[in-house]
**Student:** 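Below is one structure. I have some questions about it.
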Amino acid sequence: MLRQFVRRIHYSQRFYEAQVELTSVRYAGVKRGNYAQLSEKHVQQFERILPKERVLTDPSDVQSYNVDWLRMVRGASQVVLRPKTTEEVSAILQYCNEECLAVCPQGGNTGLVGGSVPVFDEVILSTSLMNNIIGLDELSGVLTCQAGCVLENLETYLSERGFMMPLDLGAKGTCQIGGNVSTNAGGIRLIRYGSLQGSILGVEAVKADGEVIDCLNSLKKDNTGYHLKHLFIGSEGTLGIVTKIAVHCPPSPKAVNVAFLGLEKFEDVLQTFQNARRDLGEILSSCEMMDRLSLDAAVTNLKLKQPIGDFPFYMLIETSGSNGIHDEEKLTSFLDNSLETGVVLDGTVASEPSKIKMFWSLREGVTEGLLQDGYVFKYDISLPHANFYSIVPELQARLSLNQVKRVCGYGHVGDGNLHLNITVPQYDSEVMKIVEPFVFEWTSKLKGSVSAEHGIGFKKTQYIHFSKSQSSLNLMTNIKQLMDPKGILNPYKVLPADH
Ligand code: FAD
Ligand code: 2HG
Ligand code: ZN
């Protein structure tokens, strides 16, 4: 069902484009870099590198690539290139670099920080046709594929062979593994399988000048020199275009259970998280929370069924293991204890796939539900557990209901990652002034991170200093200068303008 929501939004973007203000207008302070303007000569050269039908220039074909999933930013690119091979990506970049044409790499365009669409007229390089699965080594569990493979297609391929992807997120029906790697995406199972950085064994990427960097290692252990793959993991298309990936995949679990719980106070959420870690141990595979207004966005706006009554907080606790009876015993004892002590007020457990899917569609549907409110101010922050939720009531007090529709918080509580969302009928610069930079200052005071998993993209460049020291920013600038001296790769993203 969620896949349908994501697809529906993707395809219906055209209807909304007219309403999305151009980024160059809304963010008039951002100035276009000194890049070449696209000309007929450039298009002709692109048509020599790629077959004509993979060079899109008709405005009706190009427009949906200019608008992001959240409909908050809109670029003005006139061309979309759709390569199928690393060699084609290399030839495109070599030419763009020679001509000083700026390039915006785009995967599934589900990014939430405005990184995947152009700011001005950058050439869009879409990896959607780079969707070959190269192979799976069933002994080591290493999957090798092109960057444009859709995450859910990889999951289906693997599940037929007894394996699974080590990451899962609500956008799986549309996002691509290259986009996941380039954003170092988190998702709902990070608590179990760790950051994607650990599961990605190798990467092939193309530098701004067209040089192909082959780090497509598929070994679990390799300490020969600098770990160059990390330059491409999480750098959001600013250092190279990821073309192939080798990812270490765990075996599919034999038994999965999901508990959907209702709780009275946020302190109880924290207590339940602690208990789950202690009592469920190695079988805990997800620990998520939503406040009532977050769940309501999915239930009311997407017309989904709520499995238990109304509570101020909800949690989803998932277990995955290799022995169903053992897992059930552990989960039952954990739940009995939680209910007896009153830390959890009510709950229901699913072990059949259809019911599990229904629970997850509520959690994963929140993002889409919130978007139906209108415009969303979205913050994705890491905070110490003790202060995880306090910014939500703080902002509820600062913003009146005349100004906003909803201020809510949910997210990956097990990983200390809060998704703070504020919805308004349409973009409102007055609300923006109340919320920013307040949210980032608050996060910084608590020694949190201004981006836990979505990245910096276009939206947060001026706030990166809240989470990165000056010396780190200087080194990032030097690396960018070394790898992309003309700055053609995803300009206006990640690094602040003064860098
Ligand atoms: P895009 O959006 O196309 O691009 C994202 C960034 O990566 C851009 O800067 C782009 O230039 C760059 N890029 C893309 N492909 C390449 C490439 N091959 N080489 C170099 N650069 C590239 N994120 C999470 O971390 N956790 C979540 O739980 C989560 N849930 C989501 C749920 C929903 C409903 C939605 C809409 C989004 C969610 N996201 C989440 C955000 C988003 O899905 C992820 O950031 C995802 O990894 C982006 O993948 P994509 O293919 O759509 O990339
Ligand atoms: C999630 O965890 C995503 O569902 C999206 O990271 C979060 O919409 C959001 O704020
Ligand atoms: Zn998330």
Side-chain angles (χ1 to χ4, degrees), residues 2-3 5-6 9-10 65 68-70 83 86 89 93 103-118 122 124-128 130 146-151 167-190 195-196 203-206 232-245 286 288-290 294 297-298 360-361 363-371 376-381 408-413 415 417-423 451-459 489-494:
L2 188 79
R3 190 174 166 192
F5 296 142
V6 173
I9 278 293
H10 192 66
Y65 293 84
D68 72 327
W69 191 90
L70 283 172
T86 304
V89 174
L93 287 190
V103 177
C104 175
Q106 188 176 98
N109 195 12
T110 64
L112 299 174
V113 285
S116 53
V117 295
E122 298 89 285
I124 297 172
L125 190 153
S126 163
T127 51
S128 292
M130 303 182 70
Q146 279 190 301
C149 291
V150 170
L151 180 60
L167 84 159
D168 188 3
L169 49 148
K172 58 178 160 279
T174 307
C175 68
Q176 301 171 6
I177 188 67
N180 302 147
V181 167
S182 303
T183 56
N184 187 31
I188 55 178
R189 301 232 162 68
L190 190 139
S195 167
L196 192 56
V203 162
E204 177 195 79
V206 183
F232 304 105
I233 305 175
S235 53
E236 301 180 60
T238 60
L239 298 181
I241 296 196
V242 175
T243 45
K244 289 190 190 123
I245 286 137
S286 193
E288 300 282 309
M289 65 78 64
M290 296 176 274
S294 300
W360 278 121
S361 67
R363 163 62 185 85
E364 294 184 328
V366 176
T367 308
E368 162 64 358
L370 291 168
L371 194 56
V376 188
F377 292 97
K378 192 172 278 300
Y379 303 94
D380 154 50
I381 51 187
C408 64
Y410 68 108
H412 317 287
V413 66
D415 309 315
N417 175 187
L418 175 76
H419 292 311
L420 164 70
N421 282 263
I422 297 151
T423 66
S451 174
E453 59 174 9
H454 297 162
I456 294 293
F458 169 71
K459 285 301 297 287
L489 276 178
N490 228 3
Y492 327 104
K493 317 281 170 63
V494 183

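Indexing begins at 1, ligand by ligand and atom by atom, following the structure's order. Just so it is clear, the structure is predicted and the values come from calculations on it, not from any experiment. We count residues from 1, following the sequence as given.
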**Student:** Donor-acceptor check, side chain of Glu236 to backbone of Gly457, threshold 3.5 angstrom: yes or no?
**Tutor:** yes
**Student:** Ignoring hydrogens and angles, tell me if any N or O in the side chain of Ser235 forms a donor-acceptor pair with the backbone of Gly237 under 3.5 Å.
**Tutor:** no
**Student:** Just going by heavy-atom distances, which of Met290, His454, Glu368, Arg363 is nearest to atom 2 (O) of ligand 2?
**Tutor:** Arg363
**Student:** Return the closest protein heavy atom for atom 9 (C) of ligand 2 as residue, atom name and distance.
**Tutor:** Tyr410 OH, 2.8 Å
**Student:** N/O of Pro105 under 3.5 Å from N/O of ligand 1, yes or no?
**Tutor:** yes
**Student:** Taking Gln106's backbone N and O only, do any of them form a donor-acceptor pair with Thr127's side chain (distance below 3.5 Å, no angle check)?
**Tutor:** yes
**Student:** Indicate yes or no: at least one non-hydrogen side-chain atom of Asp380 is less than 4.5 angstrom from one of Leu112.
**Tutor:** no
**Student:** Do any of the N/O/S atoms of His412, backbone or side chain, fall under 2.8 Å from the Zn ion (ligand 3)?
**Tutor:** yes
**Student:** Run down the list Thr367, Val366, Asn417 and name the one with the heavy atom closest to atom 5 (C) of ligand 2.
**Tutor:** Thr367
**Student:** State, without any angle test, whether Thr238 and Asn490 hold a side-chain donor-acceptor pair at a distance under 3.5 Å.
**Tutor:** no
**Student:** Check whether any side-chain heavy atom of Thr367 lies under 4.5 Å from a side-chain heavy atom of Lys378, and answer yes or no.
**Tutor:** yes
**Student:** Which of the N/O/S atoms in Glu453 sits closest to the Zn ion (ligand 3)?
**Tutor:** OE2
**Student:** Does Leu112 come within less than 4.0 angstrom of ligand 2, counting non-hydrogen atoms of the residue?
**Tutor:** yes
**Student:** Near Ile241, which atoms of ligand 1 are under 4.0 Å from a heavy atom of that residue?
**Tutor:** 19 (N), 20 (C)
**Student:** Quick one: look up the protein heavy atom nearest atom 8 (O) of ligand 2 and list residue, atom name and how far away it is.
**Tutor:** Lys378 NZ, 2.5 Å
**Student:** Looking only at heavy atoms of Glu288, does any of them come nearer than 4.0 Å to an atom of ligand 2?
**Tutor:** no
**Student:** Is Glu364 close to Lys172 at the side-chain level, that is, under 4.5 Å between some pair of heavy atoms?
**Tutor:** yes
